[in-house]
Enquirer: 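Could you have a look at this structure, given as structure tokens, before my questions?
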Amino acid sequence: MMKLDSAVIESALSDQPEDALVPIREISRATGINTVTLRAWERRYGLLIPQRTAKGHRLYSLADINRVKDIQVWLGRGVAIGKIKTLLADNTQEFAVNDTDSIWLDLIDQINKHINAFHRARLVHVLADTFALYPAEMVTDCLLVPLMRSMQTKEFGMEAKRSFFTAVLQEYLQAAIFRQRQTAGKNGILLVSLSFGVNDLLPLALSYSLLVHQYQTEYLGAMNLSEIRLCAEALQAKIIVLTSASTINTGELQLHLKIWRERNAMPVVLAGDLAMVYPALGLQEDSGVFPCVTMEQVHTAINLLVKG
């Protein structure tokens with residue numbers, strides 16, 4: 001589960017009274033929950049009741065921000081969004097969520113149903129609704145990763161279904177990235193895949209998630225290791241994030257990581273399956289390389305690097 005960035009909120013309210021209020025963009029920046037999702041939680045489920053300015057603009061208190069944190073905890077446990085208001089009202093601390101009751105399993109079943117029927121409109125509707133209601137990294141870790149792994153079988157028809165889902169999801173994420181880029185911040189991140197000839201959707205999902213968290217992210221697809229540093233310097237990136245959905249040459253990666261460290265000390269995050277090769281790289285703890293298997297871990301590492 002992603003962590004609430006309380007430092008941002010404290011900064012926003014440090015010189016104001018305890019009952020001070022912040023606009024929706026501040027609560028979005030602090031929590032990583034985009035404004036569309038915050039509005040959906042309010043309108044559809046009554047989870048937030050912000051105050052309003054004379055012109056109708058939403059204003060939130062620290063209590064609202066802590067409430068968002070509680071909502072994130074329940075969502076991470078697989079509780080359906082429609083049940084959370086009751087849990088918050090009852091101040092419930094314990095709630096058993098069986099695997100069979102998890103909202104993520106229900107969503108996987110829904111998506112598989114639409115994939116099997118090759119029904120684009122219904123599939124897009126479920127994707128749009130899910131990304132509107134849940135944090136992007138949570139959707140990636142809890143829904144997209146297990147779903148795509150389940151589709152890596154060789155049964156007849158699976159290749160066609162996988163291609164259909166890939167095309168729809170890629171189109172959706174690219175459009176979402178374009179919209180979100182308009183409001184991203186200035187902290188530059190270069191995101192690169194080391195998988196040539198592989199249609200890997202996870203970097204797109206990660207790119208969108210980082211943009212939601214106000215990190216200006218450039219995803220350049222697959223690229224040779226020898227050219228990544230050139231791009232990072234040209235784009236004035238502060239952090240490099242590498243992903244790979246295929247086997248890589250660990251010796252070559254180790255060499256380039258050493259070169260990057262010696263020349264500009266730019267931190268590198270190994271995301272997703274690529275994080276699994278970290279032990280084979282034989283790097284020291286102060287190497288500036290951070291393995292992160294989940295998207296949540298990627299965000300935690302980047303938040304620490306930016307603040308440091």
Enquirer: Got Phe165 and Leu144 here, is their nearest side-chain heavy-atom distance under 4.5 Å?
Expert: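 In short, these two side chains touch, coming nearer than 4.5 Å.
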Enquirer: Run the side chain to side chain donor-acceptor pair (under 3.5 Å) test on Gln216 and Arg181 for me, step by step, so that the C-alpha distance in whole Å, both residues' side-chain angles and the decisive distance to 0.1 Å come before the verdict.
Expert: CA-CA 7 Å; Gln216 191 60 256; Arg181 188 175 298 284; 2.8 Å; yes
Enquirer: Within the 4.5 Å heavy-atom criterion, are Ser287 and Tyr278 side-chain neighbours or not?
Expert: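 Touching, per the 4.5 Å side-chain cut-off.
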Enquirer: Do other residues, nucleotides or ligands put more than 12 heavy atoms under 6.0 Å from the CZ atom of Phe118?
Expert: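 Yes, the 6.0 Å shell around CZ holds more than 12 heavy atoms from other groups.
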Enquirer: Enter the distance from Gln72:CD to Arg77:CZ here, rounded to the nearest 0.5 Å.
Expert: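 Gln72 CD to Arg77 CZ: 13.0 Å, rounded to 0.5 Å.
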Enquirer: Do Leu253 and Leu242 make a side-chain contact, defined as non-hydrogen atoms from C-beta onward lying under 4.5 Å apart?
Expert: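 Leu253 vs Leu242: side chains touch.
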Enquirer: Quick check: closest heavy atoms across Val126 and Thr130, and the distance to 0.1 Å?
Expert: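 Closest heavy-atom pair between Val126 and Thr130: O-OG1, 2.7 Å.
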Enquirer: Could you walk me through whether Ile248 and Leu274 satisfy the side chain to side chain contact (heavy atoms under 4.5 Å, CB included) test, starting with their C-alpha distance in whole Å, then the side-chain angles of each, then the deciding distance to 0.1 Å, before giving a yes or no?
Expert: CA-CA 9 Å; Ile248 66 165; Leu274 186 59; 3.3 Å; yes
Enquirer: Any non-hydrogen side-chain atom of Trp74 less than 4.5 Å from a side-chain atom of Leu88?
Expert: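 Counting from C-beta outward, Trp74 and Leu88 do come under 4.5 Å.
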Enquirer: Just by distance, with hydrogens left out, do Ser195 and Ser244 show a side-chain donor and acceptor under 3.5 Å apart?
Expert: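 Indeed, the side chains of Ser195 and Ser244 share at least one donor-acceptor pair under 3.5 Å.
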Enquirer: Any side-chain donor-acceptor pair under 3.5 Å between Thr37 and Asn34?
Expert: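 Yes, side-chain donor-acceptor contact under 3.5 Å.
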Enquirer: Could you pull out the closest heavy-atom pair between Val192 and Gly221, with the gap in Å?
Expert: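 Minimum heavy-atom contact is CG1-O, 3.6 Å.
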Enquirer: Apply salt bridge (Lys or Arg N to Asp or Glu O under 4.0 Å) to Asp273 and list each qualifying residue two or more places apart in sequence or on a separate chain.
Expert: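 Asp273 satisfies salt bridge (Lys or Arg N to Asp or Glu O under 4.0 Å) with Arg149 only.
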Enquirer: With rounding to the nearest 0.5 Å, note down the distance linking CD1 in Ile71 to CH2 in Trp41.
Expert: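 Between Ile71 CD1 and Trp41 CH2, I get 5.0 Å after rounding to 0.5 Å.
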Enquirer: Which atom pair, heavy atoms only, marks the closest approach of Ile81 to Leu75?
Expert: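 In terms of heavy atoms, the two residues are closest at CD1-CD2, 3.9 Å.
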Enquirer: Going only through I, L, V, M, F, W and Y residues with side-chain contacts under 4.5 Å, is there a path from Leu133 to Leu87?
Expert: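 Yes, Leu133 and Leu87 fall within the same hydrophobic cluster.
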Enquirer: Quick one, Tyr60 and Val68 - any side-chain contact, counting heavy atoms below 4.5 Å?
Expert: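 Result no, sub-4.5 Å side-chain heavy-atom pair not found.
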Enquirer: Of all residues at least two apart in sequence or in a different chain, which pass the side-chain hydrogen bond (donor to acceptor under 3.5 Å, both in side chains) check with Glu171?
Expert: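 Glu171: side-chain hydrogen bond (donor to acceptor under 3.5 Å, both in side chains) contacts with Arg120.
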Enquirer: In Å, rounded to the nearest 0.5 Å, how long is the span from CG of Leu210 to CE of Met295?
Expert: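 Taking CG in Leu210 and CE in Met295, the distance rounds to 8.5 Å.
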Enquirer: Is the shortest heavy-atom distance from the side chain of Val22 to the side chain of Leu59 under 4.5 Å?
Expert: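 No, side chains not in contact.
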Enquirer: Can you hop from Leu220 to Ile177 via hydrophobic side chains spaced under 4.5 Å?
Expert: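 Leu220 does not cluster with Ile177.
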Enquirer: The criterion is salt bridge (Lys or Arg N to Asp or Glu O under 4.0 Å); which residues satisfy it with Glu227, sequence neighbours excluded?
Expert: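 Salt bridge (Lys or Arg N to Asp or Glu O under 4.0 Å) check on Glu227 returns nothing, list empty.
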Enquirer: Between Met266 and Ala232, what is the shortest heavy-atom contact and its length?
Expert: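 Looking at all heavy atoms of both residues, the closest pair is SD-CB, 3.7 Å.
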Enquirer: Report the C-alpha distance between Leu281 and Leu270 in whole Å, list the side-chain angles of each, state the deciding distance to 0.1 Å, and finish with yes or no for side chain to side chain contact (heavy atoms under 4.5 Å, CB included).
Expert: CA-CA 12 Å; Leu281 297 173; Leu270 306 180; 3.9 Å; yes
Enquirer: How close do Gly288 and Arg261 get, heavy atom to heavy atom, and via which atoms?
Expert: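 Between these two residues, the closest heavy atoms are CA-NH1, 3.8 Å.
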Enquirer: Quick one: does Leu190's side chain get under 4.5 Å of Val241's, heavy atoms only?
Expert: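 Not touching, per the 4.5 Å side-chain cut-off.
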Enquirer: Do Val293 and Ile240 share a hydrophobic cluster (ILVMFWY, side-chain heavy atoms under 4.5 Å, transitive)?
Expert: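 No: no chain of side-chain contacts under 4.5 Å links Val293 to Ile240.
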Enquirer: Going only through I, L, V, M, F, W and Y residues with side-chain contacts under 4.5 Å, is there a path from Tyr219 to Leu225?
Expert: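 Looking at the clustering, Leu225 is in a separate group from Tyr219.
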Enquirer: Just verifying a value: how many Å separate Leu202 CG and Ser207 OG, rounded to the nearest 0.5 Å?
Expert: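 It is 12.5 Å, given to the nearest 0.5 Å.
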Enquirer: Applying salt bridge (Lys or Arg N to Asp or Glu O under 4.0 Å), name anything that partners Asp70, two or more places apart in sequence or on another chain.
Expert: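 Not a single residue meets the salt bridge (Lys or Arg N to Asp or Glu O under 4.0 Å) criterion with Asp70.
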Enquirer: Which atom names give the shortest non-hydrogen contact between Cys292 and Val269, and what distance separates them?
Expert: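 Taking Cys292 first and Val269 second, the nearest heavy atoms are SG-CG1, 3.9 Å.
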Enquirer: Do the side chains of Ile302 and Val306 get nearer than 4.5 Å, heavy atoms only?
Expert: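 The answer is yes, as the side chains (C-beta and beyond) meet within the 4.5 Å cut-off.
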Enquirer: Got a salt bridge between Arg44 and Asp129, using NZ or NE/NH1/NH2 to carboxylate O under 4.0 Å?
Expert: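 Asp129 and Arg44: salt-bridged.
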Enquirer: Applying salt bridge (Lys or Arg N to Asp or Glu O under 4.0 Å), name anything that partners Arg58, two or more places apart in sequence or on another chain.
Expert: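 Here the qualifying residues are Glu42.
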Enquirer: Looking at OG1 of Thr217 and CG of Leu211, how far apart are the two atoms once the value is rounded to the nearest 0.5 Å?
Expert: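 Going from the OG1 atom of Thr217 to the CG atom of Leu211 covers 4.5 Å.
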Enquirer: Kindly indicate, with the supporting measurements, whether the criterion side chain to side chain contact (heavy atoms under 4.5 Å, CB included) is fulfilled by Glu218 and Ile189.
Expert: CA-CA 6 Å; Glu218 291 286 349; Ile189 296 176; over 6 Å; no
Enquirer: Can you tell me how far the CG atom of Leu201 sits from the CD atom of Gln174, to the nearest 0.5 Å?
Expert: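 Leu201 CG to Gln174 CD: 9.0 Å, rounded to 0.5 Å.
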Enquirer: Determine the interplanar angle of the Phe131 and Tyr208 rings, folded into 0 to 90°, and report it as parallel if under 30°, tilted if 30 to 60°, perpendicular if over 60°.
Expert: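 Ring orientation, 0 to 90° scale: perpendicular.
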Enquirer: Within a 6.0 Å radius of atom CD on Gln152, are there more than 12 heavy atoms belonging to other residues, nucleotides or ligands?
Expert: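 Enclosed: over 12 neighbouring heavy atoms sit under 6.0 Å from CD of Gln152.
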Enquirer: Met223 and Cys231: side chain to side chain contact (heavy atoms under 4.5 Å, CB included), yes or no, with the steps?
Expert: CA-CA 10 Å; Met223 184 182 302; Cys231 288; 3.7 Å; yes
Enquirer: For atom CD of Glu159, decide whether the heavy atoms of other residues, nucleotides or ligands shown that lie under 6.0 angstrom number more than 12.
Expert: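 No, the 6.0 Å shell around CD holds no more than 12 heavy atoms from other groups.
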Enquirer: Check for me, please, whether Val145 and Met138 land in the same ILVMFWY cluster - side-chain distances under 4.5 Å, paths through other members count.
Expert: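 Looking at the clustering, Met138 is in the same group as Val145.
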Enquirer: Please, which pairs that meet side-chain hydrogen bond (donor to acceptor under 3.5 Å, both in side chains) have at least one residue in residues 250-259, sequence neighbours excluded?
Expert: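 For residues 250-259: none.
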Enquirer: Could you please spell out the steps behind the side chain to side chain donor-acceptor pair (under 3.5 Å) verdict for Thr300 and Asn303?
Expert: CA-CA 5 Å; Thr300 299; Asn303 287 338; 5.7 Å; no
